[in-house]
Every structure is written in C-alpha cells, then in structure tokens.
Amino acid sequence: MPVIRMMPLCTALAVCLSVFAIAAPAPHRNAAWSVRITPQKVVNGAPVLLAVTAPAPLNSLGGTWMGHELAFDHSAGRNWFSLAGVSLETKPGKYPLKLEGATASGEKVQFERTLLVTAAKYPTVKLTVSKEFTAPSPEQQEKIKADRELKYDVFRRISPEREWSGSFSAPVNAETSNPFGTRRIFNGVTKSVHQGLDYRVGPNTPVSAVNRGTVILARPLYFEGNCVVIDHGQGLLSLYMHLAELKVKEGQQVEKGTPVGLSGATGRATGPHLHLAVRWQGVYLNPAALLKLPLPDANPKAAYTRE
Ligand SMILES: [Zn+2]
C-alpha cells in the first residue's frame, strides 16, 4: 500500500520540479514573445513587415519562414524587425514562422507561431505585342538565353546588410496602369503573369530609385529593354524596365530619389511606360504593397539601446 501511495506523489513532484527547472533560469520569465505583422492581412504576392519583441534583450535574432531565411535588424530595446514576402504561387494556408535568438550570455531563445496567408485577387488581360516577343528568331532566342543566365547570376546575389532605410517611395510621380499579378495573354497565345507594376508615363520621364541601395545591373536586355536593378540588401531588389536611357552605372551607390534613367519603350513594351518590379529572395512581390508599407529608418548602430 505505501508503495502505491508514493507513486503518484513522486510523479507529481517530478512534474513540479521540471516546470520549475524550465522556468527558473530564464532571466525575463514574465516577458513573452510578440510578433506584429503589417499589413495584418498577408496575401500571396505581397511584402510583409515582421516586428518582433523578444522576451529578453538579444544579441542576434534570425528566423525561417516558408523556406526563406529572415534577417532581423535591431530597432530598440527588445524590438527587432524584418522585411519578408510571400510568393505569388503560395497557396492560402497557415505557415510556421520560427524564430531563434541569442542573449548576451549566449543563451538560445526560440519561438514558433503560424502566419495565415490568404489569396489575393488578380485580374486577367489580353495584350498585343510585336511578334518577335512571342515567336523570337534563333538569334533572338540566343540573346534571351544569355539574358536569363545574366539575370540568374545577378538575382542570386544577396548582400547580407540592409541598405534600404525607411519607407519606399514611388519611382515617378504618375498614375499606375497595369497592376502586379495580372494574368496576361499576349497575341492570344503566350501566357504570363505581370510580375511588376506599370506607371503611365510618356517617354523621357525621369525615373528615380525607390530606396537606398547599390546598382547591380544597368544594361539593355531583350524583354526588359534598358534595365536597372538595385540591391537594397538582405535579398531585396528593385528593377526598372523599358528605359529610354540609363543614368547609373553598375556598382554605383544610390539614395532614395537618385535618378536611375529616363522612361521609354525598349524591350517587350506596348508603348512608353515604366515597369517597376520588386524581388525578394527569388520571388516577385507587389511593388504597390511595398510602397504603402510604413518602414523603420536605418538606425546608426551607436544609437541602439539595449535593455
Ligand atoms: Zn509591366
């Protein structure tokens, strides 16, 4: 009988001790993780700002989400942020966000929650372009292949440091025409998804950089025409297409508002306009959604305060 009586007691004591053992060493056991997402409704094709408050002051914070590595920057105190995105192809559903940080003493802290992705509605349009863009000749196909290899090389570069600072600003002061995500049928046959945002501008309108960064491509391409690609750091790129003239060189640092070229109709274009695209870690994101996002300024490291 005494043995039978002792068993539940031992089990209860063991549970009690293990709870105590987990809770006791944590320096901030009253603090909890918090993750705020902007915009609150996450859709396929859209960028998303993750603002994380950690349970303790951290020296570093990283994360993973849908196969992407998230780079977090420290803002103040226990607060960190990361700009991420959802590919157009992502199906609606819940996707786990995993965070892992390290405190000054090297203690690892982890957190996991799911983020809900819902489906955005994108329209379908029919367009007519010159035949060389739907049925290119063998020589044109060679150029397209060379462009593809060049773009592959340029796009896979990810500069680890964030260069962008604060919200993004529009490249031209003009109305938009064709939105991002539109399913397009060229000449009744070729189908593609519009992976950028078109601005209704006449020829030779100055086009400016949407944020701070480094020009990693500034040259003519077959479909894109005269094209500029700016690396904003942490895998975020902005692309400006169909330019009549280039105003920057590869390797050049640009600020938000720096003129990068003049608008035109080079490459596969139905007429003069600016095509702006945004790419993050291999996926195209809706530029209009990025331009609307309120984003934090870059803080000089010296101004950081840690609790
Ligand atoms: Zn376009």
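Whatever order the structure lists them in is the order used to number ligands and atoms, beginning at 1. Since this is a predicted model, take the numbers as computed values, not measurements.
Donor-acceptor pairing under 3.5 Å is lacking for the side chains of T258 and E255.
Listed by chain and number, H194 NE2, D198 OD1, H275 ND1 are the protein N/O/S atoms closer than 2.8 Å to the Zn ion (ligand 1), with waters left out.
Between F111 and W33, the ring center distance clears the sub-6.0 Å criterion. Aromatic pair H232/F168: centroids less than 6.0 angstrom apart.
Taking CG from L115 and CG from L50, the interatomic distance works out to 6.5 Å, rounded to the nearest 0.5 Å.
Other residues, nucleotides and ligands contribute at most 12 non-hydrogen atoms within 6.0 Å of the CG atom of N173.
Cluster partners of L262, using a side-chain heavy-atom cutoff of under 4.5 Å among ILVMFWY residues and allowing indirect links: none.
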